[in-house]
Amino acid sequence: MQTSSFPREGMWLKGNYHSHTTLSDGMLSPEEQLRRYKLQNYHFLAFTDHNAMNDRVQWNEGILMLPAWERDILYGEKTKCTHIVGLFDLKSPSDTTLRRPKGDKHTITDQALIDQMRKDGNVFISIAHPTWSRMEPEELLSLDHYHAIEVFNYGCECLSHEGHAEYLWDFLLRHGKRIFGIACDDTHGHTIKDDHFGGWMMVKSKAYDRQSIIEAMQAGHFYSTSGPEIHDWGIDEEGNAFITTSLCREIHFITYPTRGKSFAGYLTETTFPLKGGETYVRVECIDFAGNKAWTNPIFLQDR
Ligand SMILES: [Zn+2]
Ligand SMILES: [Zn+2]
């Protein structure tokens with residue numbers, strides 16, 4: 001019998017949890033941003049303007065808006081920074097209020113910012129584009145009370161080829177952190193290459209509402225992708241990791257401390273026998289266009 005890492009019941013919802021509008025440094029109005037994602041059949045979207053929660057979250061015409069923001073710590077003239085995305089747990093549009101504190105100028109630690117965001121009502125917290133931000137592995141490892149890092153930020157990939165963070169993610173996982181990986185657009189609209197629709201998440205949610213989506217994100221019931229679809233993945237009773245996908249040319253099982261395995265070919269179903277003793281396993285899938293998908297890890301100490 002196969003044990004899926006996704007819940008049996010529920011629906012798949014496509015979303016981008018990180019985008020900007022003219023409320024901060026995005027080029028597009030909230031109306032235009034929303035229109036574009038709706039045309040691409042996204043189920044949910046978040047405006048994560050810098051240090052400002054957008055009050056347009058009440059718009060819900062064919063696309064569900066998640067109330068959110070991106071908080072920043074700036075380090076003077078240096079390129080180093082910390083950006084953290086937070087999703088709010090607001091149950092009805094009437095709960096929304098604008099919150100616009102000033103950007104913090106390196107007077108607050110990363111951990112203090114995370115703790116403050118939780119106090120402000122953020123129930124899902126993600127470290128944005130850690131490679132682009134010049135965050136060191138040890139800095140990330142020292143932080144607590146966040147749910148995810150962005151394993152792929154399409155906007156940063158368009159800006160300076162700094163969208164990927166697989167190494168940092170595995171560093172955290174190897175050290176026992178239970179952190180999920182998210183792909184997103186971080187759409188601003190002013191990169192040379194259009195930074196829409198390059199990275200998104202597929203959430204297995206029990207219902208199409210904000211609370212269910214956020215609960216599914218907190219539980220890690222999603223995968224991230226820039227193209228390939230993951231239909232199912234998990235571990236069977238014999239201890240084999242398995243995955244079923246849209247057509248891929250490469251499937252990589254990543255484990256620690258023993259090594260995983262790479263497969264190549266015309267792949268839609270792939271199985272890898274675990275060796276025993278792994279602390280986690282996760283999978284990356286690459287399709288024939290070179291696009292990638294990332295599962296969340298399964299933590300094997302739990303089994
Ligand atoms: Zn950012
Ligand atoms: Zn951003």
Side-chain angles (χ1 to χ4, degrees), residues 15-30 32-34 36-37 42 44-54 56-57 65-88 99-106 108-110 113-114 116-117 120 122 124-136 139-140 143 146-165 168-169 179-201 217 224 226:
N16 175 32
Y17 94 123
H18 188 167
S19 71
H20 294 269
T21 74
T22 47
L23 193 67
S24 62
D25 58 351
M27 294 290 282
L28 299 178
S29 67
E32 178 59 17
Q33 193 72 281
L34 188 142
R36 292 194 185 189
Y37 280 94
Y42 278 63
F44 68 91
L45 175 66
F47 295 145
T48 48
D49 282 304
H50 295 286
N51 303 301
M53 192 177 83
N54 201 314
R56 308 299 173 86
V57 291
M65 299 303 296
L66 303 181
W69 61 0
E70 182 175 20
R71 297 291 316 273
D72 307 345
I73 299 177
L74 310 171
Y75 294 82
E77 298 303 308
K78 295 177 190 161
T79 53
K80 183 173 171 52
C81 57
T82 301
H83 289 191
I84 302 178
V85 170
L87 301 185
F88 286 88
R99 300 159 194 242
R100 295 184 182 182
K102 288 183 182 137
D104 298 287
K105 307 280 188 192
H106 198 192
I108 181 171
T109 65
D110 293 357
L113 178 57
I114 290 172
Q116 184 59 50
M117 290 172 73
D120 286 342
N122 287 140
F124 187 91
I125 291 180
S126 172
I127 311 290
H129 44 65
T131 304
W132 184 87
S133 292
R134 275 90 178 97
M135 294 184 87
E136 299 300 335
E139 287 178 281
L140 280 168
L143 300 177
Y146 63 102
H147 299 83
I149 66 168
E150 290 175 356
V151 67
F152 182 63
N153 180 302
Y154 184 56
C156 291
E157 191 60 20
C158 292
L159 273 176
S160 53
H161 196 42
E162 291 176 306
H164 285 268
L168 291 166
W169 193 20
I179 298 295
F180 304 131
I182 295 184
C184 64
D185 279 342
D186 193 3
T187 332
H188 285 79
H190 51 58
T191 46
I192 291 172
K193 191 175 158 190
D194 181 38
D195 56 1
H196 286 85
F197 320 128
W200 61 94
M201 58 200 300
M217 287 176 70
S224 294
S226 61

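Every number for a ligand or one of its atoms is a count from 1 in the order of the listing.
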Novice: With the Zn ion (ligand 1) as the reference point, give the N/O/S atom of His83 that is nearest.
Specialist: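 Going by distance to the Zn ion (ligand 1), the closest N, O or S atom in His83 is ND1.
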Novice: Testing the basics here: between Asp186 and Asp195, what is the closest heavy-atom pair and its distance to 0.1 Å?
Specialist: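 Heavy atoms of Asp186 and Asp195 come nearest at O-OD2, 4.1 Å.
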Novice: So that I can tick it off, tell me whether Glu162 and Arg134 are bridged by a salt bridge, with the cut-off set at under 4.0 angstrom between side-chain N and carboxylate O.
Specialist: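 Salt bridge: yes.
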Novice: On the 0 to 90° scale, with breaks at 30° and 60°, tag the His164-Phe152 ring pair as parallel, tilted or perpendicular.
Specialist: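 Ring orientation, 0 to 90° scale: tilted.
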Novice: Which atom, among the N/O/S set of Glu70, is closest to the Zn ion (ligand 2)?
Specialist: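 Checking each N, O and S atom of Glu70, the shortest distance to the Zn ion (ligand 2) belongs to OE1.
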Novice: Would you give the angle at the Zn ion (ligand 2) between His18 atom NE2 and Asp186 atom OD1, to the nearest 10°?
Specialist: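 An angle of 80° at the metal.
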Novice: Please name the pair of heavy atoms, one in Ala46 and one in Ser19, separated by the smallest distance, quoted to 0.1 Å.
Specialist: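 Closest approach of Ala46 to Ser19, heavy atoms only: O-OG, 2.8 Å.
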Novice: Taking 2.8 Å as the cut-off, does an N/O/S atom of His20 lie below it from the Zn ion (ligand 2)?
Specialist: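 Yes - counting backbone and side chain alike, His20 has an N, O or S atom under 2.8 Å.
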